[in-house]
K.L.:
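Please see the structure below; I have some questions.
As a basis for the values below, the full set of heavy atoms in this structure was taken, side chains included, without hydrogen atoms, waters or symmetry mates.
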Amino acid sequence: MAVARAAYDYVIVGAGSAGCLLANRLSADPKTRVLLLEAGARDDYLWIHIPVGYLYCIGNPRTDWCYTTDAQAGLNGRTLLYPRGKVIGGSSSINGMIYMRGQATDYDHWRSLGNAGWGWDDVLPYFKRAEDNWRGSGEFHGAGGELRVEKQRLSWAILDAFRVAAREAGIPAIDDFNTGDNEGSGYFDVNQRGGWRLNAAQAFLRPIRSRKNLEVVTAAHVTRLVIEGTAATGVRYEQGGLAHEASARVETILCAGAIATPQLLLLSGIGPRAMLASHGIDPVLNLPGVGANLQDHLQLRMAFKVENTPTLNTLARRWHGKLRIGLQYLLTRRGPMAMAPSQLGVFARSSPHHARANVQYHVQPLSLDRFGEPLHSFNAFTASVCNLRPTSRGTVSLAAHDSRVAPRIAPNYLATSEDRQVACESIRLTRRIVSQPALARFRPKEFLPGAQFDDDEALVKAAGAIGTTIFHPVGTCKMGNDHDAVVSDRLCVRGIGRLRIVDASVMPTITSGNTNAPTMMIAEKASAMILEDAKRSTQCAPRETEAALLSPV
């Protein structure tokens, strides 16, 4: 097959949260030629932009890779749908829109692991740089950036009461989750503008579409990196049945996310020697950490029937209720159609021995058996609770030597005694909150998992039955200096020159909250490092000591 070839300064793989921001920053210099490749289509599907449209985007092959996990022992042998955005804007086009940075100690921990420049004080300026927060500019927030952060445009009596109940249970109210300590309860801030979703494409690509030096190519399926000697020189991709090769004069940058980035490295011969050999892949570099260290937040979806208050279950059940909801959004951009999937957040300690908040609630005025199925016919709310810092570690590996075959995803949920203990504590804490006086008038009655699950053994089994991903995979190409690290603290792939990774896969440990904002921060900081390195002509170069350590094959 003939191969069409073109040359650029930077080739970016993946137009998601990181890729869109990075393309914006690197193409700001009109003399720099940038190519942004996206396997999905453009974000011209209406349901991407209406907040409630995530219901029609997740599980839809038009916008979602539609991955599934391997059967998970910790989930009683269940497999899970594992959504990842396959569209311009990536997962920011189908996610919950929640703007959440995590805790200052998350980043200080990264720095303590030997990752210079990644402490809270180091990264806060990069969070602020792109931000346009409704609070305005200040110590913790930026104004005037591309990424709008707004209050939610809704109110629910059951959520207000849950917040009061949390306070009665000893969890304080908080006005801002994003100042470094998010312990407390409050409504989430969201990436919306006037009741519309603001994805990474709207924020970072639309304003610069007139730049002649930025080329955005959709339906571009990258099949492998091009490696010459010990350096990456570009990528090969397919589009419309034609083969293409894009060369990068300065750097190739992977922004494909915690699932697709390790898959692409493995298909290119970079990864654990044994795995490459098992698929007949010509090895380039033995890098054991590629695809390892997968971390995700497992949410335990507890649900409670209620009385004396409407919830979305009944409001959206009949045609006239749906009509009223639709008209409210059409006329005011408010109401259920403007809702993020989760509205009220609570960060708490599942037991007193935790030094800081270690669980997060996403509380919703609705209930359903599982995502994609109809709402229940009775009024209810869901209090999903997740362990913020799981100790279980999973893997992403190849299912076949074929870029069109989805990789194997094994999150390994609830594999450690610590995670099982936190799951038990979380269910008990939820019950304690729901039993407070503020919720008494609604007569909440637990039906998921059910009050009959009480002792630790039963609660672990129940957690396995109701647990599901909250869509936060990270860590599969972690930064660091240890044997399993894949990138340096400048996000350069160890042992391969001119190749950088800029996405959630580089997180050494998961942040204490939703991961979209931290991923954008990583891209903002990376853009500064990339431009600095280019000015000094010190683009990612493999050090001899690294190459020896990693045993190239």
Side-chain angles (χ1 to χ4, degrees), residues 95-103 152 154-178 181-190 296-304 306 311-312 339-352 354 356-368 371 380-390 413 419 421-436 438-439 442 444 446-449 459 462-463 466-472 510-516:
N95 71 359
M97 295 164 281
I98 293 170
Y99 183 82
M100 182 66 59
R101 296 170 177 173
Q103 298 169 3
Q152 293 195 65
L154 52 87
S155 178
W156 290 87
I158 192 67
L159 299 185
D160 293 339
F162 192 97
R163 190 183 190 197
V164 176
R167 187 170 69 244
E168 291 172 341
I171 304 166
I174 189 173
D175 293 324
D176 187 352
F177 285 127
N178 290 298
D181 180 0
N182 55 19
E183 185 168 2
S185 67
Y187 281 89
F188 292 120
D189 285 345
V190 290
D296 188 16
H297 289 141
L298 178 73
Q299 62 172 337
L300 308 181
R301 292 181 57 82
M302 299 185 67
F304 300 81
V306 292
T311 66
L312 193 60
M339 281 172 43
S342 299
Q343 301 82 46
L344 181 72
V346 181
F347 290 82
R349 308 177 200 208
S350 61
S351 72
H354 294 282
R356 54 190 169 115
N358 70 305
V359 296
Q360 176 184 7
Y361 285 88
H362 293 75
V363 192
Q364 307 154 318
L366 54 85
S367 67
L368 65 171
F371 189 86
F381 72 90
T382 299
S384 292
V385 57
C386 66
N387 180 356
L388 289 171
R389 292 180 294 280
Y413 297 121
D419 288 356
Q421 182 61 37
V422 170
C424 294
E425 294 170 355
S426 298
I427 293 173
R428 292 187 173 116
L429 174 61
T430 308
R431 290 170 175 169
R432 184 158 64 87
I433 294 171
V434 173
S435 69
Q436 298 301 314
L439 284 165
F442 302 118
E446 178 185 333
F447 68 95
L448 284 177
L459 288 177
I466 63 173
T468 187
T469 177
I470 203 166
F471 320 134
H472 297 164
I510 196 167
T511 53
S512 300
N514 310 73
T515 53
N516 189 58

K.L.:
Can you tell me if Thr382 uses its side chain to pair, donor with acceptor, with the backbone of Ser384 under 3.5 Å?
P.N.:
no
K.L.:
What I want to check is whether the side chains of Asn182 and Gln360 have a donor and an acceptor closer together than 3.5 Å.
P.N.:
no
K.L.:
Within a strict 4.5 Å, meaning less than it, do heavy atoms of the Met302 and Pro449 side chains meet?
P.N.:
yes
K.L.:
Looking at side-chain heavy atoms only, is the closest gap between Phe347 and Leu388 below 4.5 Å?
P.N.:
yes
K.L.:
Could you please spell out the steps behind the side-chain contact (heavy atoms from CB on, under 4.5 Å) verdict for Val363 and Leu159?
P.N.:
CA-CA 7 Å; Val363 192; Leu159 299 185; 3.7 Å; yes
K.L.:
Taking all atoms of both residues into account, what is the closest heavy-atom pair of Val164 and Ala438, and its distance?
P.N.:
CG1-CB, 3.6 Å
K.L.:
Are any side-chain N or O atoms of Asn387 and backbone N or O atoms of Asp419, one a donor and one an acceptor, separated by less than 3.5 Å?
P.N.:
no
K.L.:
Could you go step by step and tell me if Leu298 and Ile470 meet the side-chain contact (heavy atoms from CB on, under 4.5 Å) rule?
P.N.:
CA-CA 6 Å; Leu298 178 73; Ile470 203 166; over 6 Å; no
K.L.:
Between Tyr99 and Asn514, is the side-chain contact (heavy atoms from CB on, under 4.5 Å) condition met? List the steps.
P.N.:
CA-CA 7 Å; Tyr99 183 82; Asn514 310 73; over 6 Å; no
K.L.:
Can you measure from CD1 (Ile427) to CG (Leu459) and round to the nearest 0.5 angstrom?
P.N.:
5.0 Å
K.L.:
Is any side-chain heavy atom of Gln343 closer than 4.5 Å to one of Pro365?
P.N.:
yes
K.L.:
With rounding to the nearest 0.5 Å, note down the distance linking CG in Asn95 to CG in Asn516.
P.N.:
5.0 Å
K.L.:
Nearest heavy-atom pair of Pro444 and Phe381: which atoms, and what distance?
P.N.:
CB-CE2, 4.3 Å
K.L.:
Given Ser342, which of His362, Gln152, Gln364 fulfils the side-chain hydrogen bond (donor to acceptor under 3.5 Å, both in side chains) condition?
P.N.:
Gln364
K.L.:
I'd like to check Tyr361 versus Thr430 (side-chain heavy atoms, cut-off strictly below 4.5 Å). Are they in contact?
P.N.:
yes
K.L.:
Over all heavy atoms of both residues, which pair between Leu344 and Tyr187 is shortest? Give the atoms and the distance, please.
P.N.:
CD1-N, 4.0 Å
K.L.:
Determine the minimum heavy-atom distance between Arg301 and Leu368, stating which atoms define it.
P.N.:
NH2-CD2, 3.4 Å
K.L.:
When you compare the side chain of Met97 with that of Pro341, does any pair of heavy atoms fall below 4.5 Å?
P.N.:
yes
K.L.:
Indicate yes or no: at least one non-hydrogen side-chain atom of Thr511 is less than 4.5 angstrom from one of Arg101.
P.N.:
no
K.L.:
What distance separates Leu312 CG from Ile158 CD1, expressed to the nearest 0.5 Å?
P.N.:
13.5 Å
K.L.:
With the side chain counted from C-beta on, respond yes when Trp156 and Met339 share a heavy-atom pair under 4.5 Å apart, and no when they do not.
P.N.:
yes
K.L.:
Backbone N or O of Ser185 within a donor-acceptor pair of the Arg163 side chain at under 3.5 Å?
P.N.:
yes
K.L.:
How close do Pro390 and His297 get, counting heavy atoms only, and between which atoms?
P.N.:
CD-CD2, 4.2 Å
K.L.:
Are Ser367 and Phe447 packed together at the side-chain level, in the sense that at least one heavy-atom pair is separated by less than 4.5 angstrom?
P.N.:
yes
K.L.:
For Gly345 versus Phe188, what's the shortest heavy-atom pair and its separation?
P.N.:
CA-CZ, 3.2 Å
K.L.:
Take Phe177 and Asp189, measure what side-chain contact (heavy atoms from CB on, under 4.5 Å) needs, and give me the verdict at the end.
P.N.:
CA-CA 8 Å; Phe177 285 127; Asp189 285 345; over 6 Å; no
K.L.:
Can you measure from CG (Asp181) to CZ (Arg356) and round to the nearest 0.5 angstrom?
P.N.:
9.5 Å
K.L.:
What distance separates Arg428 CZ from Ser350 OG, expressed to the nearest 0.5 Å?
P.N.:
11.0 Å
K.L.:
When rounded to the nearest 0.5 angstrom, what distance separates OG1 in Thr468 from CG in Leu300?
P.N.:
10.0 Å
K.L.:
Salt bridge check: are Glu183 and Arg349 linked by an N-O gap of less than 4.0 Å?
P.N.:
yes
K.L.:
Give a yes or no on whether the backbone of Ala169 and the side-chain of Arg432 come within a donor-acceptor separation of less than 3.5 Å.
P.N.:
yes
